[in-house]
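Just so it is clear, the values below take in all heavy atoms, side chains as well, and ignore hydrogens, waters and symmetry mates. In what follows, every chain begins at residue 1, and chains take the letters A, B, ... in the order their sequences are listed.
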2 protein chains.
Amino acid sequence: MAGPEKRPIVTVDTVLFTLRDGALATLLQPRAKPPHAGRLALVGGYVRPDQDSGTLAAATRILAEKTGLTGLFLEQLMSFAGPDRDPRGWSLSVAHYALVPEAALARAAPDIAVLTVGEVPPLPFDHDAILAAALARLRGKSAWSTLPAFLLPETFTLPMLKSVYETVMGEPLNDSAFRRKINELRIIEELPDARSPATAERRRPAQLYRLSQRALVAFDRVI
Amino acid sequence: MAGPEKRPIVTVDTVLFTLRDGALATLLQPRAKPPHAGRLALVGGYVRPDQDSGTLAAATRILAEKTGLTGLFLEQLMSFAGPDRDPRGWSLSVAHYALVPEAALARAAPDIAVLTVGEVPPLPFDHDAILAAALARLRGKSAWSTLPAFLLPETFTLPMLKSVYETVMGEPLNDSAFRRKINELRIIEELPDARSPATAERRRPAQLYRLSQRALVAFDRVI
DNA sequence: GAAATAGTGTCTATAAGACACTATGGT
DNA sequence: ACCATAGTGTCTTATAGACACTATTTC
């Protein structure tokens, strides 16, 4: 039986995704304390058994404390553990990922850096591997769920929705087929008499929609 | 900073799947010690930072120690944590799942119970939830990967492969379409001049195949 | 040659992609 | 009127399913 002194360090880390100028980006924060103080890293912290009812709760608490971000789509990714990933000793991190719509971004702590996923520098600990796994999960799950919609505001247009799917999956989608599928899947609903504002460039206003359910919906076919 | 005394209990648990008379089954073992001594449960144990290089290594070690099973396909599922799942206190279990071909089953510890997934009794801790999550993962991943093949011996016939996909996914598959897809995907290779034995009932022998790669292969389309 | 399973060929149904077309508002 | 984006209709292509057919072995 392992006594408490033999227990691993248990932390949670969260990969935060957002959109930046039409590109997929991630939010990183300079570490406040050693190890790796000052270096950009995933937002993480210790699981506190006296406060947290689970790891999702721990991740939610730490996100709020360290970044001010709340109300995000947040999901467990997987755990990363081993003797060498943290200089403090054998540690286990339950990695999560979250999607940050632009409106929430505005409320984030000022020290948060927003970097396109292609321009992320080498990260401390095994955060590179965690980020890669989160990206793979985001891309994989986007093809058959409403996951990318959580990068958008609550109401959005079909061109916006198509664009975010294209950004996340990294490939252009057929417009006609996209509309057909979204329609058949009944995952979004029209806001009656609500249209996006027209601008000098975006001339014709588009119909506004919202998710039929404000929760992740999976579907069998692929976008 | 959380001192060691505030650290959660960290364990690993593994859901073991196998085939039993053409049905999907799970391997459970009576617990040797309290809590819940004597009750059938998932195979699990403490992560030992002094011995284990990670949670997969911990699960592999514990499986070997408690069941004698080695060489299985084994993958992390996700973590389950909270204050109430274990009477010993706030605990975190990194759940895994493994696939046990019939040949490996023969080498398993004698106290292992093999139960069809439909006839599993209520399990201690949150093992019901872990089993349900593992089953969902197995079913979901089977549609687009070679996962079910790890329930078969190293060499198998196409009818056997089709049957294991049907068993795992719980629905009949079209024979012609199945062969077409398996062929196009190039995931298996023929063993030249090797055929399954014919019996009184299975009259025409079938061509034997093996996986082209003895590792999980994902494909984009669905079986 | 009858029985039973292994394996093939081909038609049909469905869904995805291509792409030309119409619609609407701003300038 | 023209531009730019929003949105539609329809043809083609790719893939999945249905199902009848042939092939090979045992009895």
I need the [atom1]-[atom2] distance between [X] and [N], as an integer number of Å.
{"X": "A:Q207", "N": "D:dT8", "atom1": "CD", "atom2": "C1'", "value": "15 Å"}
{"X": "A:L173", "N": "C:dA15", "atom1": "CG", "atom2": "C1'", "value": "15 Å"}
{"X": "A:I223", "N": "C:dA16", "atom1": "CD1", "atom2": "P", "value": "9 Å"}
{"X": "B:F178", "N": "D:dA18", "atom1": "CZ", "atom2": "P", "value": "16 Å"}
{"X": "B:F219", "N": "D:dA14", "atom1": "CZ", "atom2": "P", "value": "21 Å"}
{"X": "B:D220", "N": "D:dT15", "atom1": "CG", "atom2": "C1'", "value": "12 Å"}
{"X": "A:L185", "N": "C:dA15", "atom1": "CG", "atom2": "C1'", "value": "12 Å"}
{"X": "B:I182", "N": "C:dA6", "atom1": "CD1", "atom2": "P", "value": "15 Å"}

Quick one: which of C:dA16, D:dG17, D:dG7 gets closest to the side chain of A:K181? C:dA16

Please pick, from D:dG7, C:dT8, C:dT5, the nucleotide with the shortest atom-to-atom distance to any side-chain atom of A:A206. D:dG7

Drop me the distance from B:L173's CG to B:R179's CZ, to the nearest 0.5 angstrom. 12.5 Å

Per nearest nucleotide of DNA chain C, the residue lying toward the 5' end, B:R203 or B:Y209, is B:R203

Is it the case that [X] and [Y] place a side-chain donor and acceptor less than 3.5 Å from each other?
{"X": "B:T157", "Y": "B:S196", "value": "no"}
{"X": "B:S91", "Y": "B:R85", "value": "yes"}
{"X": "B:Y209", "Y": "B:E189", "value": "no"}

Answer with base, sugar-phosphate or nothing: what part of the nucleic acid does B:R179 contact at a heavy-atom distance below 4.0 Å? base

Base, sugar-phosphate, or nothing for A:T157, non-hydrogen atoms under 4.0 angstrom? nothing

Any N or O donor-acceptor pair linking the side chain of [X] to the base of [N] at under 3.5 Å?
{"X": "A:R204", "N": "D:dA6", "answer": "yes"}
{"X": "A:R180", "N": "C:dG17", "answer": "yes"}
{"X": "B:S176", "N": "D:dG17", "answer": "no"}
{"X": "B:N174", "N": "D:dA18", "answer": "yes"}

Which label fits B:H36 and B:F125: parallel for a plane angle under 30°, tilted from 30 to 60°, or perpendicular past 60°? perpendicular

With nearest nucleotide decided by heavy atoms, which residue, B:D175 or B:E184, maps closer to the 5′ end of DNA chain D? B:E184

